[in-house]
Amino acid sequence: MTAKLIDGKAISKALKADVRRATDELAARGARRPGLAVVMVGEDPASGIYVRNKRLSCEETGILSVAHDLPATTSEATLVALIDRLNADPAIDGILVQSPLPKHINPHAIIERIDPAKDVDGFHPYNVGRLALRKPTLRSCTPYGIMIMLERSGIAPRGKDAVIVGQSNIVGRPMALELLAAAATITVCHSATRDLRAEVGRAAILVVATGKPEMIPGSWVREGAIVVDVGINRLPDGRLVGDVEFKSAAERASWITPVPGGVGPMTIAALMKNTLESSLARQGLVAA
(Lines give C-alpha, C1' and ligand atoms only; values in the text may rest on other atoms or scores of the structure.)
Protein backbone atom coordinates (compact mmCIF):
# COMPACT_ATOMS: atom_id res chain seq x y z
CA MET A 1 0.00 0.00 0.00
CA THR A 2 1.20 3.52 -0.80
CA ALA A 3 -0.36 6.17 1.41
CA LYS A 4 -2.18 9.21 0.10
CA LEU A 5 -0.67 12.47 1.28
CA ILE A 6 -2.78 14.73 3.49
CA ASP A 7 -1.77 18.06 1.97
CA GLY A 8 -1.71 20.52 4.86
CA LYS A 9 -0.49 23.32 2.61
CA ALA A 10 -3.47 23.05 0.27
CA ILE A 11 -6.02 22.62 3.06
CA SER A 12 -4.59 25.51 5.07
CA LYS A 13 -4.65 27.71 1.97
CA ALA A 14 -8.34 26.93 1.47
CA LEU A 15 -9.11 27.55 5.15
CA LYS A 16 -7.29 30.89 5.12
CA ALA A 17 -9.23 31.84 1.98
CA ASP A 18 -12.45 31.12 3.91
CA VAL A 19 -11.25 33.37 6.74
CA ARG A 20 -10.33 36.09 4.24
CA ARG A 21 -13.81 36.04 2.72
CA ALA A 22 -15.32 36.33 6.19
CA THR A 23 -13.12 39.26 7.25
CA ASP A 24 -13.83 41.05 3.96
CA GLU A 25 -17.56 40.55 4.57
CA LEU A 26 -17.14 42.08 8.04
CA ALA A 27 -15.46 45.13 6.55
CA ALA A 28 -18.14 45.42 3.85
CA ARG A 29 -20.84 45.40 6.56
CA GLY A 30 -19.12 48.22 8.41
CA ALA A 31 -17.88 46.00 11.23
CA ARG A 32 -14.25 46.06 12.25
CA ARG A 33 -11.73 43.49 11.11
CA PRO A 34 -10.39 41.02 13.71
CA GLY A 35 -7.32 42.13 15.61
CA LEU A 36 -4.51 39.82 16.76
CA ALA A 37 -1.77 40.92 19.16
CA VAL A 38 1.41 38.87 18.77
CA VAL A 39 3.81 39.20 21.69
CA MET A 40 7.40 37.97 21.46
CA VAL A 41 9.85 38.21 24.35
CA GLY A 42 13.51 37.87 23.36
CA GLU A 43 15.07 36.93 20.03
CA ASP A 44 14.83 33.14 19.75
CA PRO A 45 15.51 32.43 16.04
CA ALA A 46 12.88 29.69 15.68
CA SER A 47 10.30 31.83 17.46
CA GLY A 48 11.14 34.69 15.12
CA ILE A 49 10.31 32.51 12.10
CA TYR A 50 7.02 31.35 13.63
CA VAL A 51 5.99 34.90 14.53
CA ARG A 52 6.84 36.16 11.06
CA ASN A 53 4.72 33.42 9.49
CA LYS A 54 1.82 34.25 11.78
CA ARG A 55 2.01 37.92 10.86
CA LEU A 56 2.13 37.07 7.15
CA SER A 57 -0.94 34.88 7.61
CA CYS A 58 -2.73 37.82 9.19
CA GLU A 59 -2.05 39.81 6.02
CA GLU A 60 -3.40 36.94 3.90
CA THR A 61 -6.58 36.62 5.93
CA GLY A 62 -7.40 40.29 6.44
CA ILE A 63 -6.69 40.20 10.17
CA LEU A 64 -5.02 43.23 11.74
CA SER A 65 -1.74 42.17 13.36
CA VAL A 66 -0.32 44.21 16.22
CA ALA A 67 3.31 43.41 17.08
CA HIS A 68 4.77 43.65 20.58
CA ASP A 69 8.46 42.67 20.41
CA LEU A 70 9.99 42.86 23.88
CA PRO A 71 13.59 42.38 25.02
CA ALA A 72 14.60 39.16 26.76
CA THR A 73 15.15 41.15 29.96
CA THR A 74 11.45 42.05 30.19
CA SER A 75 10.12 41.26 33.67
CA GLU A 76 7.12 39.04 34.28
CA ALA A 77 5.32 42.01 35.84
CA THR A 78 5.86 44.08 32.68
CA LEU A 79 4.55 41.28 30.47
CA VAL A 80 1.51 40.81 32.72
CA ALA A 81 0.80 44.54 32.54
CA LEU A 82 0.90 44.37 28.72
CA ILE A 83 -1.50 41.43 28.70
CA ASP A 84 -3.86 43.35 30.99
CA ARG A 85 -3.86 46.27 28.54
CA LEU A 86 -4.51 43.93 25.61
CA ASN A 87 -7.31 42.20 27.53
CA ALA A 88 -8.98 45.61 27.92
CA ASP A 89 -8.40 46.76 24.32
CA PRO A 90 -11.68 46.45 22.36
CA ALA A 91 -9.84 46.31 19.03
CA ILE A 92 -7.89 43.18 20.05
CA ASP A 93 -9.70 39.87 19.66
CA GLY A 94 -6.77 37.51 20.10
CA ILE A 95 -3.62 37.55 22.23
CA LEU A 96 -0.75 35.25 21.34
CA VAL A 97 2.36 35.11 23.51
CA GLN A 98 5.04 33.22 21.61
CA SER A 99 6.84 30.45 23.46
CA PRO A 100 9.36 29.69 24.75
CA LEU A 101 9.54 32.55 27.21
CA PRO A 102 12.74 33.50 29.08
CA LYS A 103 13.32 31.29 32.12
CA HIS A 104 12.51 34.04 34.63
CA ILE A 105 8.90 34.22 33.35
CA ASN A 106 6.34 31.62 34.43
CA PRO A 107 4.55 30.50 31.25
CA HIS A 108 1.55 29.11 33.15
CA ALA A 109 0.96 32.44 34.86
CA ILE A 110 1.08 34.19 31.50
CA ILE A 111 -1.36 31.77 29.84
CA GLU A 112 -3.81 32.12 32.71
CA ARG A 113 -3.57 35.93 32.65
CA ILE A 114 -4.94 36.08 29.09
CA ASP A 115 -8.70 36.62 28.87
CA PRO A 116 -10.08 33.19 27.84
CA ALA A 117 -12.23 34.95 25.22
CA LYS A 118 -9.00 36.22 23.60
CA ASP A 119 -6.95 33.03 24.09
CA VAL A 120 -6.65 32.18 20.40
CA ASP A 121 -3.87 29.67 21.10
CA GLY A 122 -6.47 27.66 23.03
CA PHE A 123 -4.14 27.01 25.99
CA HIS A 124 -6.11 28.60 28.84
CA PRO A 125 -7.48 26.05 31.37
CA TYR A 126 -10.98 27.42 30.78
CA ASN A 127 -10.84 26.67 27.06
CA VAL A 128 -9.27 23.24 27.53
CA GLY A 129 -11.95 22.48 30.12
CA ARG A 130 -14.70 23.50 27.71
CA LEU A 131 -13.27 21.07 25.17
CA ALA A 132 -13.21 18.32 27.81
CA LEU A 133 -16.93 18.94 28.40
CA ARG A 134 -17.64 18.80 24.64
CA LYS A 135 -18.61 22.48 24.64
CA PRO A 136 -15.58 23.93 22.82
CA THR A 137 -14.94 27.63 22.52
CA LEU A 138 -11.41 28.53 21.38
CA ARG A 139 -9.56 25.29 20.64
CA SER A 140 -5.83 24.47 20.80
CA CYS A 141 -4.54 25.33 17.35
CA THR A 142 -2.54 22.24 16.40
CA PRO A 143 -5.20 19.67 17.40
CA TYR A 144 -7.93 21.89 15.94
CA GLY A 145 -5.99 22.17 12.69
CA ILE A 146 -5.58 18.40 12.58
CA MET A 147 -9.33 17.87 13.05
CA ILE A 148 -10.08 20.30 10.22
CA MET A 149 -7.49 18.55 8.04
CA LEU A 150 -9.06 15.13 8.69
CA GLU A 151 -12.56 16.46 8.02
CA ARG A 152 -11.58 18.10 4.74
CA SER A 153 -9.81 14.90 3.66
CA GLY A 154 -13.01 12.93 4.22
CA ILE A 155 -11.59 11.04 7.22
CA ALA A 156 -14.10 10.41 10.03
CA PRO A 157 -12.61 9.44 13.43
CA ARG A 158 -15.92 8.03 14.72
CA GLY A 159 -15.53 4.46 15.99
CA LYS A 160 -11.83 4.25 15.13
CA ASP A 161 -9.03 3.31 17.53
CA ALA A 162 -6.90 6.44 17.86
CA VAL A 163 -3.46 6.40 19.48
CA ILE A 164 -1.66 9.60 20.44
CA VAL A 165 2.06 9.36 21.20
CA GLY A 166 2.98 12.28 23.44
CA GLN A 167 1.00 13.93 26.24
CA SER A 168 2.01 17.60 26.09
CA ASN A 169 -0.48 20.31 27.05
CA ILE A 170 -0.03 21.86 23.60
CA VAL A 171 -0.73 18.80 21.42
CA GLY A 172 -1.16 15.39 23.06
CA ARG A 173 -3.77 16.11 25.73
CA PRO A 174 -6.05 18.42 23.71
CA MET A 175 -5.66 16.06 20.71
CA ALA A 176 -7.03 13.25 22.85
CA LEU A 177 -9.99 15.44 23.84
CA GLU A 178 -10.65 16.38 20.21
CA LEU A 179 -10.66 12.75 19.06
CA LEU A 180 -12.76 11.66 22.04
CA ALA A 181 -15.31 14.37 21.18
CA ALA A 182 -15.32 12.98 17.62
CA ALA A 183 -16.27 9.54 19.04
CA ALA A 184 -12.92 7.82 18.51
CA THR A 185 -11.62 5.35 21.10
CA ILE A 186 -8.42 6.93 22.38
CA THR A 187 -5.16 5.79 23.93
CA VAL A 188 -2.46 8.28 24.99
CA CYS A 189 1.10 6.93 25.11
CA HIS A 190 3.95 8.49 27.07
CA SER A 191 7.30 7.69 28.69
CA ALA A 192 5.72 5.15 31.06
CA THR A 193 3.92 3.21 28.32
CA ARG A 194 5.15 -0.37 28.60
CA ASP A 195 4.75 -1.65 25.03
CA LEU A 196 4.72 1.32 22.69
CA ARG A 197 5.10 -0.84 19.60
CA ALA A 198 1.95 -2.80 20.43
CA GLU A 199 -0.05 0.38 21.09
CA VAL A 200 1.11 2.00 17.84
CA GLY A 201 0.42 -1.21 15.92
CA ARG A 202 -3.30 -1.22 16.74
CA ALA A 203 -3.94 2.43 15.83
CA ALA A 204 -6.35 3.14 13.00
CA ILE A 205 -5.49 6.80 13.57
CA LEU A 206 -1.95 7.49 14.80
CA VAL A 207 -0.95 10.97 15.97
CA VAL A 208 2.71 11.37 16.97
CA ALA A 209 3.96 14.47 18.78
CA THR A 210 7.16 13.70 20.67
CA GLY A 211 9.72 16.05 19.17
CA LYS A 212 12.08 13.11 18.63
CA PRO A 213 13.18 12.57 15.03
CA GLU A 214 11.84 9.39 13.44
CA MET A 215 11.09 7.89 16.85
CA ILE A 216 8.32 5.67 15.46
CA PRO A 217 9.59 3.10 12.91
CA GLY A 218 7.36 2.71 9.89
CA SER A 219 7.29 -1.05 10.47
CA TRP A 220 5.22 -0.43 13.62
CA VAL A 221 2.41 1.24 11.69
CA ARG A 222 -0.76 -0.79 11.15
CA GLU A 223 -1.68 -1.57 7.56
CA GLY A 224 -4.16 1.04 6.35
CA ALA A 225 -3.63 3.39 9.28
CA ILE A 226 -4.03 7.16 9.09
CA VAL A 227 -0.74 8.72 10.26
CA VAL A 228 -0.56 12.31 11.49
CA ASP A 229 3.02 13.37 12.20
CA VAL A 230 3.16 16.55 14.26
CA GLY A 231 6.94 16.58 14.69
CA ILE A 232 9.36 18.70 12.71
CA ASN A 233 13.04 18.08 13.44
CA ARG A 234 16.20 19.25 11.68
CA LEU A 235 18.89 16.58 11.34
CA PRO A 236 22.64 17.37 11.36
CA ASP A 237 22.67 17.09 7.56
CA GLY A 238 20.01 19.81 7.34
CA ARG A 239 17.07 17.57 6.40
CA LEU A 240 13.70 18.11 8.06
CA VAL A 241 12.01 14.96 9.32
CA GLY A 242 9.03 14.16 11.49
CA ASP A 243 8.63 11.93 14.51
CA VAL A 244 7.70 8.96 12.25
CA GLU A 245 9.91 7.22 9.67
CA PHE A 246 8.05 8.61 6.70
CA LYS A 247 9.14 6.38 3.81
CA SER A 248 8.47 3.04 5.49
CA ALA A 249 5.30 4.31 7.19
CA ALA A 250 3.93 5.53 3.86
CA GLU A 251 4.27 1.99 2.48
CA ARG A 252 1.83 0.72 5.13
CA ALA A 253 -0.52 3.64 5.85
CA SER A 254 -3.60 4.64 3.85
CA TRP A 255 -3.10 8.37 4.58
CA ILE A 256 -0.09 10.23 5.96
CA THR A 257 0.95 13.83 6.58
CA PRO A 258 4.26 14.94 5.05
CA VAL A 259 6.96 16.82 6.96
CA PRO A 260 7.13 19.66 6.21
CA GLY A 261 3.84 20.65 4.60
CA GLY A 262 1.44 18.65 6.77
CA VAL A 263 0.41 19.73 10.25
CA GLY A 264 2.50 22.91 10.47
CA PRO A 265 0.49 25.04 8.01
CA MET A 266 -2.75 23.87 9.62
CA THR A 267 -1.70 25.17 13.04
CA ILE A 268 -1.38 28.71 11.74
CA ALA A 269 -4.59 28.46 9.68
CA ALA A 270 -6.45 27.30 12.81
CA LEU A 271 -5.04 30.30 14.67
CA MET A 272 -6.53 32.59 12.03
CA LYS A 273 -9.87 30.79 12.31
CA ASN A 274 -9.82 31.12 16.10
CA THR A 275 -9.13 34.85 15.80
CA LEU A 276 -12.06 35.28 13.41
CA GLU A 277 -14.39 33.30 15.69
CA SER A 278 -13.29 35.34 18.71
CA SER A 279 -13.92 38.57 16.84
CA LEU A 280 -17.37 37.51 15.66
CA ALA A 281 -18.35 36.54 19.20
CA ARG A 282 -16.96 39.72 20.74
CA GLN A 283 -18.74 41.89 18.16
CA GLY A 284 -22.00 40.12 18.93
CA LEU A 285 -22.29 38.68 15.43
CA VAL A 286 -22.52 35.10 16.68
CA ALA A 287 -23.34 33.62 20.06
CA ALA A 288 -20.46 33.89 22.52
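Because only heavy atoms are used, hydrogens play no part in the values below, and waters and symmetry mates are left out as well, while side chains stay in.
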Enquirer: What's the separation between atom CG in L196 and atom CH2 in W220, rounded to the nearest 0.5 Å?
Expert: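 Output value for this atom pair is 4.5 Å.
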Enquirer: Going by salt bridge (charged side-chain N to carboxylate O under 4.0 Å, His left out), name the residues that satisfy it together with K273, two or more places apart in sequence or in a different chain.
Expert: E277
Enquirer: Salt bridge check, D18 against R21: does any charged N sit closer than 4.0 Å to a carboxylate O?
Expert: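 So R21 pairs with D18 through a salt bridge.
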Enquirer: I'd like to know if R130 pairs up with D119 as an ion pair, taking the criterion as any Lys NZ or Arg NE/NH1/NH2 lying under 4.0 Å from an Asp or Glu carboxylate oxygen.
Expert: no
Enquirer: If you apply the rule side chain to side chain contact (heavy atoms under 4.5 Å, CB included), what do you find for L101 with L79, and how did you get there?
Expert: CA-CA 11 Å; L101 289 167; L79 180 55; 4.2 Å; yes
Enquirer: Does any non-hydrogen side-chain atom of P102 lie less than 4.5 Å from one of V41?
Expert: yes
Enquirer: Same cluster for Y144 and L271 if Ile/Leu/Val/Met/Phe/Trp/Tyr side chains link at under 4.5 Å?
Expert: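 No, it is not one cluster - the side chains of Y144 and L271 are not joined through contacts under 4.5 Å.
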Enquirer: Check whether N274 reaches the backbone of L138 with its side chain - one donor and one acceptor, N or O, closer than 3.5 Å.
Expert: no
Enquirer: Do V227 and I164 sit in one hydrophobic cluster, given that two such residues count as connected whenever their side-chain heavy atoms are within less than 4.5 Å of each other, even indirectly?
Expert: no
Enquirer: Could you tell me the separation between the CD atom of E59 and the CZ atom of R55, rounded to the nearest 0.5 Å?
Expert: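 So the CD of E59 and the CZ of R55 are separated by 10.5 Å.
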Enquirer: Given side chain to side chain contact (heavy atoms under 4.5 Å, CB included), test N233 with D243 step by step and report yes or no.
Expert: CA-CA 8 Å; N233 312 280; D243 294 348; 2.9 Å; yes
Enquirer: So, for P213 and G211, which heavy atoms are closest and what is the spacing to 0.1 Å?
Expert: CD-O, 3.9 Å
Enquirer: Test of understanding: clusters of I, L, V, M, F, W, Y form through side-chain heavy atoms closer than 4.5 Å, transitively. Do M147 and V230 belong to the same one?
Expert: yes
Enquirer: Please give me the minimum heavy-atom distance between A269 and L15, naming the atom from each residue.
Expert: CB-CD2, 3.7 Å
Enquirer: Counting distance only, does the side-chain N/O of R252 pair as donor-acceptor with the main-chain N or O of R222 below 3.5 Å?
Expert: no
Enquirer: Okay, side chain of T275, backbone of G35: is any donor-acceptor separation there less than 3.5 Å?
Expert: no
Enquirer: Running the 4.5 Å side-chain criterion over Ile, Leu, Val, Met, Phe, Trp and Tyr, what cluster does Y50 land in, apart from itself?
Expert: none
Enquirer: N169 side chain to F123 main-chain N or O, any donor-acceptor pair under 3.5 Å?
Expert: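 It does not hold such a pair.
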Enquirer: Under 4.5 Å between side-chain heavy atoms, counting indirect links through other Ile/Leu/Val/Met/Phe/Trp/Tyr residues: same cluster for V120 and M266 or not?
Expert: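 Different clusters: V120 never reaches M266 through Ile, Leu, Val, Met, Phe, Trp or Tyr contacts under 4.5 Å.
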Enquirer: Under a 4.5 Å side-chain heavy-atom rule over Ile, Leu, Val, Met, Phe, Trp and Tyr, are V38 and I110 clustered together?
Expert: no
Enquirer: Atom NE2 of residue position H108 - does it have more than 12 heavy atoms of other residues, nucleotides or ligands inside 6.0 Å?
Expert: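 Open.
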Enquirer: Side chains of V165 and L206: does their closest heavy-atom pair fall under 4.5 Å?
Expert: yes
Enquirer: Salt bridge or not for D93 and R32, using N-O below 4.0 Å?
Expert: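 R32 and D93: salt-bridged.
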Enquirer: Looking at side-chain heavy atoms only, is the closest gap between L26 and L285 below 4.5 Å?
Expert: yes
Enquirer: Is there side-chain contact between E60 and M272, with at least one heavy-atom pair below 4.5 Å?
Expert: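 No; the side chains remain at least 4.5 Å from each other.
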Enquirer: Could you grab the distance from atom CZ of R234 to atom CG of L240, nearest 0.5 Å is fine?
Expert: 4.0 Å
Enquirer: Are any side-chain N or O atoms of H190 and backbone N or O atoms of S168, one a donor and one an acceptor, separated by less than 3.5 Å?
Expert: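 Between the backbone of S168 and the side chain of H190 there is no qualifying donor-acceptor contact (under 3.5 Å).
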Enquirer: What is the minimum heavy-atom distance between P157 and L179, and which atoms define it?
Expert: CB-CD2, 4.0 Å
Enquirer: Is K118 reaching over with its side chain to a backbone N or O of N87, donor-acceptor style, under 3.5 angstrom?
Expert: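 Judged by distance alone, yes, a pair lies under 3.5 Å.
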Enquirer: Does the side chain of V259 come within less than 4.5 Å of F246's, by heavy atoms?
Expert: no
Enquirer: In Å and rounded to the nearest 0.5 Å, what is the OG to CD1 distance from S279 to I63?
Expert: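 The OG atom of S279 sits 8.5 Å away from the CD1 atom of I63.
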Enquirer: For V163, does its backbone N or O pair with a side-chain atom of E199 as donor and acceptor, under 3.5 Å?
Expert: no
Enquirer: Tell me, do C141 and D121 make a side-chain contact under 4.5 Å, heavy atoms counted?
Expert: yes
Enquirer: Look at R85 together with D89 and state whether they make a salt bridge at an N to O cut-off of under 4.0 Å.
Expert: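 Here R85 does not pair with D89 in a salt bridge, since their nearest N and O are not under 4.0 Å apart.
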Enquirer: So, does S254 use its side chain to make a donor-acceptor pair with the main chain of G224 at under 3.5 Å?
Expert: yes
Enquirer: Heavy atoms only: give me the nearest I256-A250 pair and the separation to one decimal.
Expert: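 What the structure gives for the nearest pair is CD1-N, 4.1 Å.
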Enquirer: What heavy-atom pair brings M149 and G8 nearest, and what distance separates the two atoms?
Expert: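 Result for this residue pair: SD-CA, 4.1 Å.
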Enquirer: For the residue pair M175 and V228, establish whether any side-chain heavy-atom pair is separated by less than 4.5 Å.
Expert: no
Enquirer: Can you name the closest pair of heavy atoms from I11 and I6 and give their distance?
Expert: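 Heavy atoms of I11 and I6 come nearest at CD1-CG2, 4.2 Å.
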Enquirer: Checking R282 side chain against I92 main chain: does a donor-acceptor pair fall under 3.5 Å?
Expert: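 Such a contact is found between R282 side chain and I92 backbone.
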Enquirer: Nearest 0.5 Å please: distance from the CG atom of L86 over to the CD1 atom of I114.
Expert: 9.0 Å
Enquirer: Between atom CD1 of I155 and atom CD1 of I226, what is the distance when rounded to the nearest 0.5 Å?
Expert: 4.5 Å
Enquirer: Would you sort out whether L70 and T78 count as a side chain to side chain contact (heavy atoms under 4.5 Å, CB included), showing the intermediate values?
Expert: CA-CA 10 Å; L70 309 177; T78 298; 5.6 Å; no
Enquirer: Going by salt bridge (charged side-chain N to carboxylate O under 4.0 Å, His left out), name the pairs with one or both residues in residues 157-180, residues two or more places apart or in two chains.
Expert: R139-E178
Enquirer: Does the side chain to side chain contact (heavy atoms under 4.5 Å, CB included) test come out yes or no for D44 and Q98, once each step is laid out?
Expert: CA-CA 10 Å; D44 179 77; Q98 181 64 38; over 6 Å; no
Enquirer: Strictly distance-based, threshold 3.5 Å: is any side-chain N or O of T257 a donor or acceptor partner for the main-chain N or O of D229?
Expert: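 Checking the backbone N and O of D229 against the side chain of T257, a donor-acceptor pair under 3.5 Å is found.
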Enquirer: State, with a plain yes or no, whether a side-chain heavy atom of D115 is found less than 4.5 Å away from one of I95.
Expert: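 They are not in contact (no side-chain heavy atoms under 4.5 Å apart), so the answer is no.
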